[in-house]
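Atoms within each ligand, like the ligands themselves, are counted from 1 in listed order. One is the number of the first residue; the rest follow in order along the sequence.
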Amino acid sequence: MKVLAGIQPSGDLHIGNYFGSIKKIIDRQESDTVYAFIANYHAMTSVKDGPTLSKYTMQAATDFLSLGLNPDKTMFWVQSDVKEVLELYWILSQFTSMGLLERAHSYKDKVAKGLSANHSLFSYPVLMAADIILFDTEIVPVGKDQIQHVEMARDIAVKFNNEYGNTFHLPEHQVEAEVATVPGIDGAKMSKSYGNTINIFGEEKKIQKIIKKIVTDTTPLDEPKDFESCNIYALAKLFLDKNGLEAFEERYRTPGEGYGHFKLYLHDVMWEYFRPYREKREYYQNNQDEVRSILKMGADKARLIAQEKMEIIRSKTGITY
Ligand code: ADP
Ligand code: TRP
């Protein structure tokens, strides 16, 4: 299967990004054709400062590689290094009704939160559709919030195919139920924009401090506690195997421990889980030129595929003479 993932370089990666998207990609490298890119054009809609966007782009690349992305297996590049996607974005705009874009939850949510509604925010799904269908992607693994965007890519591809004959493969989203929405420290969806994230890489003290802020109920120490409704448990679940999880559930049932203990445990489990990745990250941080050359190599490969596809599209649409 051809699997494609895009991640915006719009801040520090958090564990919602990891379980909702990054890990799914990394796990598929052995069995599928995986394409992964850093969506820096998309990130422009929220990161308005040049040096910051540039810094986040390198940081995202470094983090992806540290988390196990294997550039020998996976084509890995920065969106802006393959400009064909912008050309396709324009062409696809001809097949995108205003109504389709007006129905986008993500756009409506961002506007409701006070982001100014400029054209890039509105047409964001068209660029995302171009990212996806330019490479004849079959599967797009995403968190729940991105399902509608993948469906829109499909709708746009259908419209194009109807007009010009079968050109694009129709992509499908893939969401795993148990990680569809990783909760943040307040129990709402973990998201940079809600300020409720636990970052993958960060100073240990800071992570400890954030974990301490996880919202719980007020069941006293000497009473059994309900793990099903507990945010600490929901997060620990992502890191523990079956036995680990059962042992943790037993601690909830047994009076004597409080949420403070469970938070310490969550920290330890999480810190251990990411230990090997932290070590790899240190290597890549000290070798940023190697990261740049990996991205360049990926972009060269992606461009070849993109150019070949664009030739067909230009010819069908008459953007040729
Ligand atoms: P944020 O909401 O923090 O801005 P992004 O929108 O950049 O995160 O998301 C990047 C990827 O991570 C997307 O595929 C998205 O679906 C996934 N993702 C983000 N937050 C979560 C979450 N809380 N649970 C599951 N997946 C998530
Ligand atoms: N919109 C996606 C997000 O916020 C990022 C993205 C851009 C993407 N282009 C993509 C994801 C193509 C998958 C495929 O997470």
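- No salt bridge links R154 with E151; every basic N to acidic carboxylate O contact stays at or beyond 4.0 Å.
- Sorted by chain and number, the residues within 4.0 Å of ligand 2 by heavy atom are L4, G6, Q8, F37, A39, H42, Y124, M128, D131, I132, V140, Q146.
- In this structure, E282 places its CD atom where only 12 or fewer heavy-atom neighbours from other residues, nucleotides or ligands lie under 6.0 Å away.
- Inter-residue side-chain proximity for H261 and Y259 is flagged as unmet; no heavy-atom pair is nearer than 4.5 Å.
- Comparing V140, D145, L238 against atom 16 (O) of ligand 1, the shortest heavy-atom distance belongs to D145.
- Every atom of ligand 1 is numbered from 1 in the order shown, and the set under 4.0 Å from a heavy atom of G20 is 25 (C), 26 (N).
- Checking only distances, S193 never comes within under 3.5 Å of ligand 1, N or O to N or O.
- The shortest N or O to N or O distance between M190 and ligand 1 is below 3.5 Å.
- Distances between N or O atoms of Q146 and those of ligand 1 include no value under 3.5 Å.
- Sparse packing is recorded around NZ of K242, with 12 or fewer heavy atoms of other residues, nucleotides or ligands lying under 6.0 Å away.
- Judged by the 6.0 Å distance and 45° axis criteria, R303 is not positioned over the aromatic ring of W77.
- Counting only heavy atoms from C-beta outward, the side chains of E257 and L221 never approach each other to under 4.5 Å.
- Residue contacts with ligand 1: S10 is placed with no nitrogen or oxygen under 3.5 Å of a nitrogen or oxygen of the ligand (distance criterion only).
- Checking each of N161, L134, I132, T137 against F168 for a side chain to side chain contact (heavy atoms under 4.5 Å, CB included) leaves exactly one that passes, namely N161.
- For Q8, no nitrogen or oxygen atom sits less than 3.5 Å from a nitrogen or oxygen atom of ligand 1, counting backbone and side chain alike.
- Summarising the geometry of N40 relative to Q79, their closest heavy-atom pair is N-OE1, 3.2 Å, with the distance given to 0.1 Å.
- Cation-pi check for K110 over Y124 is met; the charged atom lies under 6.0 angstrom from the ring centroid and within 45 degrees of its normal.
- Below 3.5 Å of separation, one finds an N or O of V182 facing an N or O of ligand 1.
- Between K189 and ligand 1, an N or O atom pair is found at a separation short of 3.5 Å.
- Ring planes of F227 and Y233: tilted class, angle from 30 to 60°.
- Using a 4.0 Å cut-off between charged side-chain N and carboxylate O, K24 and D27 make no salt bridge.
- Listed by number with element, the atoms of ligand 1 under 4.0 Å from a non-hydrogen atom of S21 are 11 (C), 12 (O), 14 (O).
- Of the N or O atoms in K192, one or more lie within a sub-3.5 Å distance of an N or O in ligand 1.
- Aromatic rings of F37 and F76 (six-membered ring for Trp) have centroids beyond the 6.0 Å cut-off, not under it.
- At under 3.5 Å, not a single nitrogen or oxygen of I7, backbone or side chain, sits near a nitrogen or oxygen of ligand 1.
- Not a single heavy atom of K144 sits under 4.0 Å from any atom of ligand 1.
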